[in-house]
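See below for the structure under consideration.
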Amino acid sequence: MADLPNIHHLRAFALAARLNSVHQAAAAAHLSQPAVTQALARLETRYNCLFLERCSTGVYPTRFGEIMLTRVERALDLIGEAAQRIREYAKRTAPKKARPSPVDRLATTAQLRALVAIARTGGYSAAARSLGLAQPSVHRAARDLEKLAGVTLFERVSQGVALTAQGQVLALKAALAFREIEAASDDLEEVKGIVRGRLVVGTLPLIRTEILPDAVIALTERFPQATVRIDDGSYAGQLHALRMGEIDVLIGALLCPAPAEDVEEVVLFDDALSVVVRCGHPLCGCETVTVEDLKRFSWVVPRAGTPTRDHFEDLIGEDAVPGVIETPSLMVLRGILTKSDRLALLSRRQITYEERAGLLTALPMELGDPPRPIGLTLRKNWCPTGLQAAFLEIIREQARKSCEPDAGAEKNKGAGAYVALSAFD
C-alpha cells in the first residue's frame with residue numbers, strides 16, 4: 001500500500017477549496033487557522049503543485065487544485081458513505097446512551113490503512129508485515145478505530161481475524177478512497193505531460209490470448225514510463241480484488257447480470273467453445289463427431305463451479321467420463337493435450353499459436369451452446385486515470401479487430417467461435 005497523505009489534511013484542503021476561505025475551512029474542520037494553513041502547505045509540497053491561489057477575496061483552486069479536489073472529494077465521500085452506514089447500524093443495535101464518533105471526520109490515515117491491510121491479509125501480523133510496521137502498532141490502530149466507530153469491526157476466528165459486516169463496509173470504502181488518492185498523483189503528472197502511472201489488470205484462469213498482450217504492448221508503446229501489472233486468479237478472488245481497488249479492471253467471461261451491485265459489466269464480444277485435441281488425434285479423421293464419440297476419451301477440465309466446467313458436465317454428464325484431469329493452468333492443459341488423446345473444451349483463440357504450429361486443432365463439431373459474453377468487469381462510478389482510460393480504449397479496439405472476419409476464421413468455420421478473451425474459466 002503506497003504512502004498516503006494525512007486524511008485530515010485532505011479534508012482541510014477540500015473545505016478551503018469549496019468555501020474559498022482558510023478561516024471558514026478551519027471552523028468547519030474544528031481546527032485552528034494556522035493548522036489548516038500548515039496542512040495546505042504540506043500537501044502542496046508533497047505533490048509539488050500549487051493547489052490554491054491566495055488573493056484578497058479568498059483562496060481559489062488552480063487547475064491542479066481542481067484535479068486534486070475531484071479525487072479528494074470522491075475519497076471523502078466513500079468514507080462518508082461507510083460512516084453513515086455504521087451510524088445507522090449503531091442506532092439500531094447500540095445502547096441508547098452510546099454515541100458513535102463520526103468516523104469519517106475523526107479516523108486517521110493510519111487507522112484506515114490498518115483496517116484495509118487486515119481485510120486483505122486476515123491477521124494483525126500479516127497486515128503489519130504488508131505495511132512495514134510493528135504488529136502492536138497495527139493492533140492498536142485497529143482497536144482505536146473500532147472504539148471510534150462504536151461498533152464491532154473485528155472478530156477472532158480460527159485462522160486469524162475476520163471483519164464483521166460493518167468492518168467489511170468500512171474497509172471496502174477506505175480501500176477505494178485510498179485508490180482515489182493514489183490516482184490523484186497520476187492525474188497531476190498527466191497534466192504536467194508525464195504519464196508513468198499504474199494499471200492493474202485482473203485476468204481469469206487460463207486467459208492467454210493475443211488480445212490482452214497486444215493491448216498491453218500498444219499501451220506501453222504509447223506510454224513507455226507506465227507500469228502495468230497483470231494478475232491471474234479465480235473469479236471470486238479477482239472480483240474481490242476489483243471491489244477493493246486492488247485491480248482496476250477484470251477481463252474475461254461475464255456473468256450477466258453482474259454479480260454485485262457495485263460492479264458493472266461491459267460486453268466486448270460473444271464467444272463459443274470448441275472441443276480441442278492434438279493434431280493426429282483419432283477423432284481428427286472423422287467427418288462427423290458425436291457426443292458418444294467424445295465419451296470414449298478422457299478429458300482435461302477446469303475446476304468445478306466454473307462456466308466451462310458446467311458446460312462440460314451438461315455436454316458429457318457429470319459422471320460419464322472417469323479419470324478427468326482438473327487444472328486451471330493453460331500451460332499444463334496444452335502440454336497434456338499435445339502428449340495424449342485427451343480432450344478439452346476451449347476457445348479457438350486460446351490455441352491460436354498451437355494451431356499455427358500444427359500441435360492442436362478443434363474438432364468439426366457444433367456444440368450447440370449459446371455464445372457467452374466476454375468483456376470487462378469494472379467498478380461502478382470508477383473514474384479512470386488517463387492511462388487507464390487509454391487502456392480501455394485500446395482493449396475495445398483490439399477486441400473489435402479480432403472480431404473482424406478473416407481467412408483463418410472462415411477456414412475454421414463451424415468449429416467454434418475464433419474470438420475469446422477467456423473461455424476456460
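Just so we're clear, the structure is a prediction, and the values are computed from it rather than from any experiment.
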Holding to side-chain contact (heavy atoms from CB on, under 4.5 Å), I want the full list of residues that pass it with [X], two or more places apart in sequence or in another chain.
X	value
Ala35	Leu31, Ser32
Glu393	Arg222
Ala183	Arg71, Thr385
Asn381	none

Min side-chain heavy-atom separation [X]-[Y] under 4.5 Å:
X	Y	result
Ile217	Glu221	yes
Asp262	Arg379	no
Leu199	Phe223	no
Val228	Phe391	no
Val116	Glu246	no
Leu145	Val103	yes
Gln225	Val195	no
Val249	Gln388	no

Do [X] side-chain atoms and [Y] backbone N/O form a donor-acceptor pair below 3.5 Å?
X	Y	value
Glu190	Leu387	yes
Glu155	Ala162	no
Asn20	Tyr60	no
Lys380	Glu261	yes
Ser274	Val276	no
Thr109	Ile7	yes
Gln135	Ala128	no
Gln238	Asp231	yes

Please report the interatomic distance [atom1]([X]) to [atom2]([Y]), rounded to the nearest 0.5 Å.
X	Y	atom1	atom2	value
Ile181	Leu176	CD1	CG	11.5 Å
Arg303	Thr327	CZ	OG1	8.5 Å
Ile247	Leu378	CD1	CG	10.0 Å
Ser130	Ile118	OG	CD1	9.0 Å
Leu346	Leu330	CG	CG	6.5 Å
Asp271	Leu254	CG	CG	10.5 Å

Any pair with a residue in [range] that passes salt bridge (Lys or Arg N to Asp or Glu O under 4.0 Å), sequence neighbours left out, goes on the list, sorted by first then second residue, please.
range	value
residues 26-37	none
residues 47-67	Glu44-Arg54
residues 191-203	Glu189-Arg196

Quick check: closest heavy atoms across [X] and [Y], and the distance to 0.1 Å?
X	Y	answer
Gln111	Asp144	NE2-CB, 3.5 Å
Arg179	Glu182	NH1-OE1, 2.7 Å
Ala14	Val72	CB-CG1, 4.0 Å
Thr338	Arg278	O-CD, 3.9 Å
Ala171	Leu115	N-CD2, 3.5 Å
Asn6	His8	OD1-N, 2.7 Å

Charged N to carboxylate O under 4.0 angstrom, [X] versus [Y]?
X	Y	answer
Lys91	Glu88	no
Asp104	Arg11	no
Glu313	Arg309	yes

Q. What pairs meet the ring-ring contact (aromatic ring centres under 6.0 Å, His included) rule with one or both residues in residues 113-166, with sequence neighbours excluded?
A.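 Checked against ring-ring contact (aromatic ring centres under 6.0 Å, His included) - neighbours excluded - the pairs reaching residues 113-166 are Tyr124-His139.
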Q. Which residue pairs satisfy the ring-ring contact (aromatic ring centres under 6.0 Å, His included) criterion with at least one member in residues 13-45, sequence neighbours excluded?
A.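 Listed once each, the pairs are Phe13-Phe51.
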Q: Take Leu345 and Leu367 through the test side chain to side chain contact (heavy atoms under 4.5 Å, CB included) and record every step on the way to the result.
A: CA-CA 10 Å; Leu345 285 179; Leu367 299 180; 3.7 Å; yes
Q: Kindly write out the residues that satisfy ring-ring contact (aromatic ring centres under 6.0 Å, His included) with Trp299, not counting sequence neighbours, or none if the list is empty.
A: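 Trp299 satisfies ring-ring contact (aromatic ring centres under 6.0 Å, His included) with Phe312 only.
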Q: List in chain and number order the residues that pass ring-ring contact (aromatic ring centres under 6.0 Å, His included) with His240, two or more places apart in sequence or in another chain; answer none if no residue qualifies.
A: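 For His240 there are no ring-ring contact (aromatic ring centres under 6.0 Å, His included) partners, ignoring immediate neighbours.
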Q: Walk me through it: do Met244 and Leu172 pass the test side chain to side chain contact (heavy atoms under 4.5 Å, CB included)?
A: CA-CA 5 Å; Met244 290 288 290; Leu172 174 64; 3.9 Å; yes
(Q) Assess the residue pair Gln398 and Leu268 against the criterion (side chain to side chain contact (heavy atoms under 4.5 Å, CB included)); give the C-alpha distance rounded to whole Å, side-chain angles, the decisive distance to 0.1 Å, and a yes or no. (A) CA-CA 10 Å; Gln398 293 289 343; Leu268 293 177; over 6 Å; no
Q: Could you check Arg243 against Val263 for side chain to side chain contact (heavy atoms under 4.5 Å, CB included), going step by step and ending with a plain yes or no?
A: CA-CA 7 Å; Arg243 298 179 67 202; Val263 300; 3.9 Å; yes
Q. Partners of Tyr47 by side-chain hydrogen bond (donor to acceptor under 3.5 Å, both in side chains), sequence neighbours excluded?
A.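 For Tyr47, no residue satisfies side-chain hydrogen bond (donor to acceptor under 3.5 Å, both in side chains) once neighbours in sequence are set aside.
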Q | Heavy atoms from other residues, nucleotides or ligands near CZ of Arg85 exceed 12 (cutoff 6.0 Å) | A |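 Incorrect, the count does not exceed 12.
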